[in-house]
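The structure under discussion appears below in the form of structure tokens.
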Amino acid sequence: MPRPPTKNSSSSAASRSRILLHGASDSDSDRSSSPSSSEAEAEEEEEEEVVSSEDEKEEEVVIGNEEDKKKKAPITISLKKICKVCKGTGHQAGFQGATYIDCPMKPCYLCKKPGHTTMSCPHRVAMEHGVVPASRRNNQTSMDYVFDRQLKTEIPKIKPAFVIPSQVDCGLIKFHSRRITSLEFHPTQDNVLLSGDKKGQLGIWDYGKLHEKMVYDSIHSCIVNNIKFNSNGEGTFYTSSSDGTICCTDLETGIPLVLLDVNPNGWNGAATWRMLYGMDNNPDRGLLLVADNFGYLYMVDGRSKTKIGEPVLIHKKGSKVVGLHCNPAQPDLLLSCGNDHFARIWDARRLVGESSLASLSHGRVVNSAYFSPRTGNKIMTTSQDNRIRVWDSIFGNLDSPSREIVHSHDFNRHLTPFRAEWDPKDPSESLVVIGRYISKNYNGVALHPIDFVDISTGKLVAEVIEPEITTISPVNKLHPRDDVLASGSSRSLFIWRPREEDDSSRHQHEQKSKGFLVPKAEKKSRRKFDQESDDDSDLDPKGKKPKQKKFNGKTAQNGKSKVKIVG
DNA sequence: AAATTATGACTCC
DNA sequence: TGGAGTCCCTAATT
């Protein structure tokens with residue numbers, strides 16, 4: 001980072017290197033802050049002040065060697081601590097231990113509003129973890145009234161307690177060779193999970209038998225965006241990919257059949273390469289719907305395996321359509337969402353451009369849009385503006401969402417986009433799961449929990465963590481029948497089940513995970529998992545809270561995953 | 001152990 | 001309208 005030339009520092013080389021060393025090792029030593037680090041920090045700060053008070057003007061050192069040889073701009077290194085976010089002085093953004101300190105000059109990264117930082121965001125403070133409902137709109141329409149009178153009576157009055165799969169049961173560490181991009185449970189075989197990754201690999205795993213797993217890497221050549229099972233019971237499943245194809249693959253043999261290829265002329269540069277996203281099927285018509293990165297929707301007849309009609313522009317031309325969902329109660333009702341910041345409702349029988357039944361506006365890219373799984377009467381979207389939006393009735397006023405729930409999931413590269421997913425088992429259609437981007441300090445380790453949110457109130461129901469999972473879990477899916485959560489975190493897969501007794505702590509230490517399959521080369525780094533055992537020495541006598549442990553740079557606690565029930 | 005890389009949306013001109 | 005520059009708590013690799 002070239003900076004304007006400054007005069008040479010008068011500091012001695014010795015003191016210079018010492019100071020530089022301090023600066024360089026700073027974040028490291030902070031991250032691994034031992035219990036006694038407060039003293040060290042204080043010492044360090046003192047030293048800093050000495051430096052800056054010694055000579056304010058000499059805050060930059062010129063490394064002059066190169067300047068002597070070539071007449072290039074000199075490379076300078078700042079000795080004064082500057083904020084890596086805004087380059088200003090007087091403060092520093094970044095991790096201090098496992099707590100992230102925000103740059104005060106930037107707007108809040110959570111709610112995106114100026115005047116406060118993420119730490120002091122009212123959305124975070126109010127609900128503790130960044131989830132808060134926006135006020136319910138008060139412009140009830142007559143349709144809302146009809147809905148309340150006629151349909152709501154069908155919905156059970158008493159909400160059953162939410163069941164939270166909060167403890168890791170088993171996992172496949174680095175099963176995939178790239179990060180997980182999609183997950184799908186088998187519709188009838190309870191323990192079978194399919195997973196797709198960024199490289200195009202497709203994993204099939206029977207998590208009832210830890211070792212029954214398989215990875216196919218010849219089905220797709222890049223990102224597997226969607227996995228859907230064939231509803232006709234043929235034992236095949238569909239996948240859509242950024243390689244521009246839909247494949248129909250036999251679950252037993254892994255032999256794929258290409259149903260659709262939207263790049264018949266091959267590669268002619270990135271500007272024209274079409275990628276397929278948001279695949280869903282319409283079981284009533286045996287239709288497969290899929291969309292591309294230029295705004296177009298395609299339809300394929302699942303039986304004749306042929307393309308139907310011409311592609312239809314359903315989102316802004318040239319913009320990526322990221323999601324499609326057929327209404328579970330009325331499959332001809334289609335929901336789409338995309339990079340043009342809109343989610344749209346369509347009648348799939350009359351699909352022509354500009355003919356959407358409704359357009360739902362968002363602040364940024366819409367990562368996902370789903371009808372509710374039972375009645376299909378609600379809509380939930382996840383947008384990169386850090387909000388989960390809920391429309392309580394598709395028959396009501398769709399001009400504005402019924403609720404906006406602020407939640408940290410804004411990250412658009414390096415990670416698979418976050419999507420809030422319904423719990424298909426919740427009769428009240430209000431429990432959803434979504435991974436959290438922003439980290440939280442759990443006994444000295446920065447962890448990214450998986451959040452369970454009640455979208456009828458906006459309340460955070462639970463945040464689940466596993467101290468060994470230090471990576472973000474953007475891909476989550478709840479089982480259609482069992483109390484099971486599957487999560488994809490980086491290249492690893494995890495199966496979560498409810499804690500056997502959430503209220504009692506007596507037998508907590510007896511709970512064990514079944515195990516983790518670790519590739520040979522990774523064994524060393526996974527020692528903690530392998531050792532996970534009857535060792536309950538980290539539990540205090542009451543067994544309620546795990547004892548705090550020194551942060552060793554990797555993990556705060558041995559042992560058990562935890563869930564925090566909020567409220 | 002720091003540097004590098006992959007990588008997507010957004011802003012600005 | 002499009003290309004360059006920017007961005008923020010990534011994760012694996014060297």
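The sequence lines fix the lettering, A, B, ..., with proteins before strands; numbering per chain opens at 1.
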*Between A/Trp273 and A/Trp267, how do the two ring planes meet: parallel, tilted or perpendicular, split at 30° and 60°?*
tilted
*Can A/Thr416 and A/Thr181 be said to form a side chain to side chain donor-acceptor pair (under 3.5 Å), step by step?*
CA-CA 6 Å; A/Thr416 304; A/Thr181 54; 5.6 Å; no
_Nearest-nucleotide pick for A/Ser490, side chain only, options being C/dC9, B/dG8, C/dA12_ = C/dA12
*Tell me which nucleotide among C/dT10, B/dG8, C/dC8 gets nearest to the side chain of A/His414.*
C/dT10
*Can you check the A/Asp410 CG to C/dC8 P distance for me, whole Å?*
11 Å
*Nucleotide B/dT11, atom P - distance to CG of A/Asp385 in whole Å*: 12 Å
*Can you tell me the distance, in whole Å, between the OH atom of A/Tyr442 and the C1' atom of C/dC9?*
14 Å
_Nucleotide nearest A/Arg491 (side chain, heavy atoms from C-beta), chosen from B/dG8, B/dT7, C/dT13_ = C/dT13
*Assign A/Lys317 to base, sugar-phosphate, or nothing according to its heavy-atom contacts below 4.0 angstrom with the strands shown.*
nothing
_Atom-to-atom span, CD1 of A/Ile438 to P of C/dT10 - whole angstrom_ = 11 Å
*Interatomic distance where CZ belongs to A/Phe95 and P belongs to C/dC8 [whole Å]*: 14 Å
_Using the side-chain heavy atoms of A/Tyr437, tell me which of these nucleotides is nearest: C/dT13, C/dT10, B/dA9._
C/dT10
_side chain to side chain contact (heavy atoms under 4.5 Å, CB included) partner of A/Asp340, the single match among A/Lys320, A/His315, A/His362_ = A/His315
*Taking atom P in both C/dT14 and B/dT7, compute the distance separating them and give it to the nearest angstrom.*
16 Å
*Provide, to the nearest angstrom, the distance between the CZ atom belonging to A/Phe418 and the P atom belonging to C/dC9.*
14 Å
*Between the base of C/dC7 and the side chain of A/Arg413, is there any donor-acceptor pair under 3.5 Å?*
yes
*Return no unless some side-chain N or O of A/Asn412 is found under 4.0 Å from OP1 or OP2 of B/dT7.*
no
*Separation of A/Met105 atom CE from C/dC7 atom C1', in whole Å?*
17 Å
*Which nucleotide sits closest to the side chain of A/His341: C/dC9, B/dC10, B/dT7?*
B/dC10
*With respect to the phosphate group of B/dA6, does any side-chain polar atom (N or O) of A/Lys198 fall under 4.0 Å of OP1 or OP2?*
no
*Picking from B/dG8, C/dC8, C/dT10, which would you name as closest to the side chain of A/Tyr100?*
C/dC8
*Starting at CG of A/Asn339 and ending at P of B/dA9, how long is that distance when rounded to a whole Å?*
5 Å
*Are more than 12 heavy atoms from other residues, nucleotides or ligands located less than 6.0 Å from atom NZ of A/Lys199?*
no
*When you measure from the side chain of A/Val85, which nucleotide among B/dA9, C/dT10, C/dC8 comes out closest?*
C/dC8
*Please check the phosphate of B/dG8 (OP1 and OP2 only) for any side-chain N or O of A/Lys320 closer than 4.0 Å.*
no
*Can you figure out which of B/dT7, B/dA9, C/dA11 approaches the side chain of A/Gln384 most closely?*
B/dA9
*asked:* Please confirm whether the ring centroid of A/Tyr437 lies under 6.0 Å from the ring centroid of A/His409.
replied: no
*Please state whether the rings of A/His414 and A/Phe411 are parallel, tilted or perpendicular, taking 30° and 60° as the class boundaries.*
tilted
*Which is true for A/Ser439 with a 4.0 Å heavy-atom rule: it touches a base, it touches only sugar-phosphate, or it touches nothing?*
base
*Looking at the side chain of A/Lys84, which of C/dC9, B/dT7, C/dT10 is the nearest nucleotide?*
C/dC9
